[in-house]
Protein chains: 2
Amino acid sequence: MQGTNHDDLRRHNLSIILRLVHRSGAASRAQLTRLTGLNRSTIGALVAELVERGLVEERTPDPTRLAGRPSPIVAASDRVVAIAVNPEIDAITVGVVALSGVVHRLIRYAMPSSPSITEAVTITTGIVTQLKRDLGEYSIIGIGVAVPGLVRATDGLVRHAPHLGWVDEPLCDLLAAATGLPVVAANDASLGVTAEHYFGAGQGLTDLVYLNGGSSGIGGGLVIGGVAASGRAGYAGEFGHTRVSAGTNTDSAGIAGTLEAEVTRHALLAALGLHAGATDADTLERALVASDSPVVRNLVNRQLDFLAIALAGAVNMLNPQLIVLGGFLAALHAVDSERLNVAVAALTLPAAFAEVSITPAVLGSNLLMIGAAELAFEALLLDPQQDQGNTAGLPRLSSRAAETAAPTF
Amino acid sequence: MQGTNHDDLRRHNLSIILRLVHRSGAASRAQLTRLTGLNRSTIGALVAELVERGLVEERTPDPTRLAGRPSPIVAASDRVVAIAVNPEIDAITVGVVALSGVVHRLIRYAMPSSPSITEAVTITTGIVTQLKRDLGEYSIIGIGVAVPGLVRATDGLVRHAPHLGWVDEPLCDLLAAATGLPVVAANDASLGVTAEHYFGAGQGLTDLVYLNGGSSGIGGGLVIGGVAASGRAGYAGEFGHTRVSAGTNTDSAGIAGTLEAEVTRHALLAALGLHAGATDADTLERALVASDSPVVRNLVNRQLDFLAIALAGAVNMLNPQLIVLGGFLAALHAVDSERLNVAVAALTLPAAFAEVSITPAVLGSNLLMIGAAELAFEALLLDPQQDQGNTAGLPRLSSRAAETAAPTF
DNA sequence: GTGATACGTTGCCCAAGCCTACAAACCCTC
DNA sequence: GAGGGTTTGTAGGCTTGGGCAACGTATCAC
């Protein structure tokens, strides 16, 4: 239990303002005054400091408004960026995401086979080195990595990433040593829920459950009481291994009768006669909705009922406001959301069910880039006074009007 | 997102110190300096304000120490009290709990039959009125009620308390109107986990799961990231309704195959040939451990295996540090904790299982009194500057040495 | 006693948010 | 387009609360 002194106070107030403009988009100084409850002059001083540090920009006021002196718009800088990395079986994706929310770059580096840790670090470092050159006048805060597996929160050690075949790999340390940038990592689904929480379906809500169905299994994440719940070591949200049947099918961890064992993308594709590699999320959803095959429909119903058991468990346990479904789970939801609702209702306490809705994810392919960048931004958002000088030549107090648009997600 | 001004700062620092001495017991000013990181002079000023407000007392220093000037001991007052109330089927229990942790009084008012809301309010008000007279020189902060049922967090409405037969009863409003004291209420198991978290098996931990087995079902509570997770409306922690089998037994909510349907105290008592009413928790535990009946042992094993499914779900979902079992679930654990561990291990991710241990609750019969009092204290702990003047004649700056012992729980 | 150590106390400093007065920039009306 | 009403930024002084350093005080060890 730490006490708070004057420095902490200032840091906290700077943090609050930077978070507001980062998460909720640009806001006028007058709006910031109302939102924070702080005095006009205080807001002025705080914004001035953030401008001085190059973290926000003040734009000319919006013309269309009511009476009174117009208030300058405060917007997060789009020259302060984080690098988001997502290693997968068939590719490594790297993105450059600005504090303003703009995704400046998106690079997909295809891999012939699942990358080893060394390959992943080498390839990422290569791309980052190139980016550093290209983004000379940008300030690169750090790197956030979305890993499809369990990541230890304390040090970013990848405990187990089954599809990549990684076990206890010190990804963060390796990447930090190779690039010279601070690196943080977390489970991909946990970052997904962060992204949906701040910028997607869960905006403004405090209790979210997120489940994502991917080609290799089901993962998830939690927001509880307004904060992302990582659990003791960072492994929270593994809904895929919830037991939902007495069946003998096993999941990637070898456990029988789990959600991940019973509800699979593979089975859906097989029933539809589609090829796994060539089918993206939208195609699968359209095919499922369009199909009139009773076999497909039976399978969908079966999977929905199993999904309902897992969701009901989460509802009874956590009393969430919203359940967000991503990946092929969103496709299942699209086919028959009513069946899912009814099945969940039958297995939950009425009072808890009354509080919850089930909805598909709204963020598309940029989801993990945004989530991973958010992870990298966290240190800066917590302490805007920290040194973020990775570029010596960042021109401060630039009067160049931002040519990029508002947050695009 | 609220900004912080100077008043908030002071309030927060007072809050931190009051929480420390309340939760972790008395501490010297020097210890407070180290724990909070604040300056000696600041601690002096803060403690002086808390003494002035009658919330803490300074005692003469501990004699046995090293060199140096002895530091006065700061202890939470035991004349600032909350009233804890727990209505049950067969009795209403009322306790007087001091900020220091001392339980001054414990009154059990036996009921011939389950109390209606009106009876509960009338009886409680009667006891409270008497207590107010008796505790003339004490400062009564408010009333905290532990309700065996779902309680809406926003206003303390009892949504559904099945054993008491209460539905949508405005308990808090009624009791506040009748007694003139502030009243807060919450689910009993949620308060149980609060108590275990601050004063019991979960001290100092951040991610706890608590399950309590009572005569009428299984409830629970969560601590996630160091704070009690109440969920959206306050209904979180209802582990009893987690589906653990494909069986047809139903629970109190009419859901089949749930933990509460399969794992019951009643079945254990029946197998042991014991009478429900006359058997307390310790007796049941002793009888279970002592029994060499294969029927009993089979039943225990069955129940342990079902319990393991529910616990495994929680472990995969929440990655907790500790699972605390109370009531007859602790008795099951006492019979064969190894079987439970093995069964949970088989259903969880190894990385998550490695972080968790399963332990019985350590707080006994005072559990709910302490939890309910904690709920009532929360407002004061959050803002020690608030007016708590329910007694005009509270003698401040009393030099009377406290005759009561250190926290007894 | 004397020194060492640890801690409370006191007076001063400073940072940061608030307040007040005033100026600036918009709207609307005539 | 001049003037009133409204909202907001700005400048300067005020207040508050925590930090700091010097000093006083209580203990232990010898």
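The structure displayed is predicted, hence computed values, not measured ones. Protein chains get the first letters and strands the later ones, always in sequence-line order, with residue 1 at the start of each. Scope of the values below: all heavy atoms of this structure, side chains included, with no hydrogens, waters or symmetry mates.
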With no angle test and no hydrogens, is the base of D/dC20 tied to the side chain of B/Ser41 by a donor-acceptor pair under 3.5 Å?
-> yes
Is it true that the side chains of [X] and [Y] contain a donor and an acceptor less than 3.5 Å apart?
X        : Y        : answer
A/His12  : B/His12  : no
B/Thr36  : A/Gln2   : no
B/Gln203 : B/Glu196 : no
B/Ser15  : B/Arg19  : yes

How long is the line joining [atom1] of [X] and [atom2] of [N], in whole Å?
X       : N      : atom1 : atom2 : value
A/Ile16 : C/dG17 : CD1   : P     : 12 Å
B/Arg69 : D/dC23 : CZ    : P     : 16 Å
B/Asp7  : C/dA16 : CG    : P     : 17 Å
B/Leu50 : D/dG17 : CG    : C1'   : 15 Å
B/Ile43 : D/dG17 : CD1   : C1'   : 13 Å
B/Ile73 : C/dG8  : CD1   : C1'   : 14 Å
B/Asp8  : C/dA16 : CG    : C1'   : 13 Å
A/Leu14 : C/dA15 : CG    : P     : 15 Å

Would you please confirm or rule out a distance under 4.0 Å between OP1 or OP2 of [N] and any side-chain N or O of [X]?
X       : N      : answer
A/Asn13 : C/dA16 : no
B/Ser28 : C/dC7  : no
B/Ser71 : C/dC7  : no

Between A/His104 and A/Tyr138, does a ring pair (Phe, Tyr, Trp, His ring centres under 6.0 Å) hold up when you go through it step by step?
-> CA-CA 11 Å; A/His104 284 304; A/Tyr138 287 60; 5.1 Å; yes
Using a 4.0 Å heavy-atom cut-off across all strands, classify B/Arg10 as base, sugar-phosphate, or nothing.
-> sugar-phosphate
Base, sugar-phosphate alone, or nothing: which one does A/Thr33 contact when heavy atoms must sit under 4.0 Å apart?
-> nothing
Counting side-chain heavy atoms from CB outward, which of C/dG17, D/dA26, D/dT7 is closest to B/His6?
-> C/dG17
Minimum-distance nucleotide (side-chain atoms of A/Ala67 versus D/dG9, C/dC27, D/dG18) = C/dC27
In terms of the nearest nucleotide of DNA chain C, which residue is placed more toward the 5' end: B/Arg29 or A/Leu38?
->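 Going by which nucleotide is closer to the 5' end, it is B/Arg29.
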Find which nucleotide of DNA chain C each of A/Arg11 and A/Arg40 is nearest to by heavy atoms, and output the residue with the more 5' nucleotide.
-> A/Arg11
Report the residue (A/Asn5 or A/Gly44) whose heavy-atom-nearest nucleotide on DNA chain D is the more 5′ of the two.
->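 Closest to the 5' end, via its nearest nucleotide, is A/Gly44.
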Does B/Ala45 or A/Asn39 map to a spot on DNA chain D nearer the 5' end, using the closest nucleotide for each?
-> A/Asn39
